[in-house]
Amino acid sequence: MTYEADRLVEEVAYLALHFHWSHDDLLDLEHADRTRYVALVTELTGRTETRR
């Protein structure tokens with residue numbers, strides 16, 4: 001796999017874990033949207049972990 005393919009797999013797995021969206025729905029997202037969701041989940045989970 002190339003770096004880009006590895007990164008795509010990581011993004012899809014990360015978002016599926018948090019949003020429980022289907023594989024096809026996640027792959028249908030534009031790259032910029034998927035990246036934005038990854039950043040948002042990372043930010044939100046970081047906040048949640050800090051509050052514990």
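Counting begins at 1 with the first residue of the sequence. These values consider heavy atoms only, across backbone and side chains, with no hydrogens, waters or symmetry-generated copies.
Considering only residues two or more places apart in sequence or on other chains, Val41 meets the side chain to side chain contact (heavy atoms under 4.5 Å, CB included) condition with Tyr14, Leu15, His18, Phe19, Thr45. In terms of the side chain to side chain contact (heavy atoms under 4.5 Å, CB included) criterion, residue partners of Ala5 (sequence neighbours excluded) are, by chain and number, Met1, Thr2.
Listed by first and then second residue, the salt bridge (charged side-chain N to carboxylate O under 4.0 Å, His left out) pairs involving residues 12-23 amount to none (not counting sequence neighbours). Applying the salt bridge (charged side-chain N to carboxylate O under 4.0 Å, His left out) test to pairs two or more places apart or on separate chains, those with a residue in residues 3-21 are Arg7-Glu10, Arg7-Glu11, Glu11-Arg34.
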Side chains of residues 21-30: which donor-acceptor pairs under 3.5 Å do they make with residues two or more places apart or in other chains?
{"residue": "Ser22", "atom": "OG", "partner": "Asp25", "partner atom": "N", "Å": "3.0"}
{"residue": "Ser22", "atom": "OG", "partner": "Asp25", "partner atom": "OD2", "Å": "3.1"}

